[in-house]
Engineer: 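Attaching a single structure in structure tokens format; questions to follow.
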Number of protein chains: 2
Amino acid sequence: MDRLTALNVFRHVAELQSFAEAGRRLGLSPAAISKNIAELERHLSCRLIHRTTRRMALTEEGRLYYRQVAQVLDDLDEADRSLFPMQATPSGVLRVSAPTTVTLKLLSPAIPRFLAQYPQLTLELDLDDRRVDLVKEGYDLAIRGSDRLEDSSLIARKLTSLEHVLCGSPAYFQGAGIPTRPADLARHNCIQFSLSSHSDFWEFSRGSERIGVSIDGRYKVGSSLAVRDALLAGFGLSVIPRVYVEDDLLSGAVVPVLTEWSLPLTEVYAVYGSRVHLALKVRVFLDFVSRALGGQ
Amino acid sequence: MDRLTALNVFRHVAELQSFAEAGRRLGLSPAAISKNIAELERHLSCRLIHRTTRRMALTEEGRLYYRQVAQVLDDLDEADRSLFPMQATPSGVLRVSAPTTVTLKLLSPAIPRFLAQYPQLTLELDLDDRRVDLVKEGYDLAIRGSDRLEDSSLIARKLTSLEHVLCGSPAYFQGAGIPTRPADLARHNCIQFSLSSHSDFWEFSRGSERIGVSIDGRYKVGSSLAVRDALLAGFGLSVIPRVYVEDDLLSGAVVPVLTEWSLPLTEVYAVYGSRVHLALKVRVFLDFVSRALGGQ
DNA sequence: CATATTATTCACCAATAGTGAACAACGATG
DNA sequence: CATCGTTGTTCACTATTGGTGAATAATATG
């Protein structure tokens, strides 16, 4: 027996006082109505409906059970319907993990406008450069660099690519000299962003030429902001996403070197659970982030 | 999808935080758990559980839905269980229709003791010599004479047989003469109990001899008590169940005539809806009535 | 690094839900 | 009162479905 169907059948029979009419209303044959009622009574070991040919009435037990069942079925409909608002309007709490610097530079200015668009949405944005576990830590979505992708069961949607620049302060280069070829870096103090894969092995390319250089330095740090601070302080040189030091390059606070060489890009992805039944709040944020980061 | 099963599965997964554990608890395979959840999500067009390999968490919608569903499932269990007391102890209201005189003479004295046995039972006993429609008029059980049986879909259980006696008051016979053979009745004032079938055609038998007599009279009434009153008043003679005039026969207030002839018996039945899922209250009353009326 | 466990998917099959048809019974109608 | 239409039941039948074992990818653990 499909008990929900049987309960619904019972409810209709009780309200309409007729098996036949209940069948018409539910699009079921008289045999199905009769069968469902019989099986519900068998399940309960209890007569719910007193019936003879062409006539029926609820028993006392039937009347009691009807009142309760009607409430239960209404509550269940209500439970189903309670999910509709979240499907029609982005609402609830959206929890996102995003890397610090990308977010501060590229997303922060636009977030208030995004939230203005969706008044019923609350955004919890954790700035975190670690590779977080979405399921374990309860995130709806994470923004990551290509080298911090993980579960292949998650969906990764590319948002943008970050160019990098090799640079240092004028003061640093005045003291240490300007590298003219990648191999020169072996004799420089190279500041490392420790959360980057291969942070101690930098690759360069020019046309079809590719060179990899093992580098070292006295300062490894897990924050792009701290890397920039060290650059500005003249502590060394580093490979850093260009947008992080855009203003510094313009002002001359840092200068690019080995500019005829190209550096690998960092691909930025949005990572989330599944395309199927994607919550509306996740989808609208995804769209927002795609536009904000210029991803096509 | 069997939605009730799916809801129960969802509830267990939510509480146990594990598909595998939920499967063990419910005796379902992992595949069945996975399938039920997927179909529930499809039904709702909504992700309820965020999951990757070996890990899962409820979504915000999932948490909301879980709270409601847990309540609904509990309410449904409660509805089912609310019928148990009626199955374990006769309780509620028992509505019975019974013929007036039989009840007053043979049941009334014993009913208080019956009700004392079942403190949670309420008896609504309608004294009614009509042929009632059980379903239409909301009776659980009716007591009837054999000539008032009706729906063959109802169950008839024989309770007892009533002997009849042809009698009148001594004063009546002094005025009208004593009938010595059935045919003599054609010249007598025969009081008729109008609710009896063939009330104007009385049958007599002696050994293998059977005689039927059309009778007439100036008084037809639908109450055996009124028939007895008329007898005692010397208004005429009548065929009446012996137990109705037992005391009057002993005191000589009425005397039997044509006593070498036998009259047909009236079989008394209990009539009720169905043997299957018979409510406990009906069953105990049935047993009580069987014992009270001496039916074997 | 090997092993055990989790969650998913799919082809398969036993179980099941709904049905048409036949039926008995009865209410409405002429 | 006879006839007709409708009700509720039952049953053999069939399309659908729910659960499964096995294979799989992924991951936690020792």
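Here is how names work: the chains are called A, B, and so on, in the same order as the sequence lines, proteins then strands, and each is numbered from 1.
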Engineer: Nearest to the side chain of A:A20, which nucleotide is it out of D:dT20, D:dT7, D:dT10?
Structural biologist: D:dT7
Engineer: Rounded to whole Å, how long is the line connecting atom CG of A:L26 with atom P of C:dA17?
Structural biologist: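 Distance check: A:L26 CG to C:dA17 P gives 16 Å.
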Engineer: Any chance CZ of A:R25 has more than 12 other-residue heavy atoms, nucleotides or ligands included, within less than 6.0 Å?
Structural biologist: no
Engineer: Establish, with yes or no, whether the OP1 or OP2 oxygen of C:dA7 is under 4.0 angstrom from a side-chain nitrogen or oxygen of B:S18.
Structural biologist: yes
Engineer: Which whole-number value in Å describes the distance from B:N8 CG to D:dG18 P?
Structural biologist: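 Checked: the CG to P distance equals 15 Å.
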Engineer: Starting from C1' on C:dG27, measure out to CE on A:M56 and report it in whole angstrom.
Structural biologist: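 One finds 17 Å between C1' of C:dG27 and CE of A:M56, rounded.
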Engineer: A:S34 side chain: which of D:dA22, C:dT19, D:dT10 is closest?
Structural biologist: D:dT10
Engineer: Are any of A:R24's side-chain N or O atoms less than 4.0 Å away from OP1 or OP2 of D:dT7?
Structural biologist: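 Checking D:dT7 against A:R24, a side-chain N or O does come within under 4.0 Å of OP1 or OP2.
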Engineer: Verify the distance criterion only: is there a donor paired with an acceptor across the side chains of B:E124 and B:Y139 at less than 3.5 Å?
Structural biologist: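 B:E124 vs B:Y139: no donor-acceptor pair found between side chains.
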Engineer: Starting from P on C:dC26, measure out to CZ on A:R51 and report it in whole angstrom.
Structural biologist: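 These atoms are roughly 16 Å apart.
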Engineer: Which nucleotide wins on minimum distance to the side chain of B:E39, given the candidates D:dG18, C:dA21, D:dT20?
Structural biologist: D:dG18
Engineer: Starting the side chain at C-beta, find the nucleotide from D:dG18, D:dC11, C:dG18 nearest to A:T5.
Structural biologist: C:dG18
Engineer: Which residue, B:E21 or B:K35, contacts DNA chain C at a nucleotide closer to its 5' end, judged by nearest heavy atom?
Structural biologist: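 Comparing both residues, the 5'-ward one is B:E21.
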Engineer: Categorize B:G23 for me: base, sugar-phosphate, or nothing, with a 4.0 angstrom heavy-atom threshold over every strand shown.
Structural biologist: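 The answer is nothing, as B:G23 stays clear of every strand by at least 4.0 Å.
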Engineer: Rounded to whole Å, how long is the line connecting atom CE of A:M1 with atom P of C:dA17?
Structural biologist: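 So the CE-P distance, A:M1 to C:dA17, works out to 8 Å.
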Engineer: Regarding B:Q68 and A:S82, do their side chains bring together a donor and an acceptor under 3.5 Å, going by distance alone?
Structural biologist: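 The answer is yes; a qualifying pair exists.
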Engineer: Can you tell me how far P of C:dT8 sits from CG of B:L40, to the nearest Å?
Structural biologist: 13 Å
Engineer: Identify which nucleotide among C:dT6, C:dA17, C:dT19 has an atom closest to any side-chain atom of A:D2, counting heavy atoms from C-beta outward.
Structural biologist: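 Of the options given, the side chain of A:D2 lies nearest C:dA17.
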Engineer: In whole angstrom, give the distance that lies between atom CD1 of A:I33 and atom C1' of D:dG8.
Structural biologist: 11 Å
Engineer: Could you state the CZ-P distance from A:F19 to D:dT10, rounded to the nearest angstrom?
Structural biologist: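 Between P of D:dT10 and CZ of A:F19: 10 Å.
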Engineer: Which of parallel (below 30°), tilted (30 to 60°) and perpendicular (above 60°) describes B:F10 and B:Y65?
Structural biologist: tilted
Engineer: Could you tell me which non-hydrogen atom of A:S224 sits nearest to which non-hydrogen atom of A:T101, and how far apart they are?
Structural biologist: CB-OG1, 3.2 Å
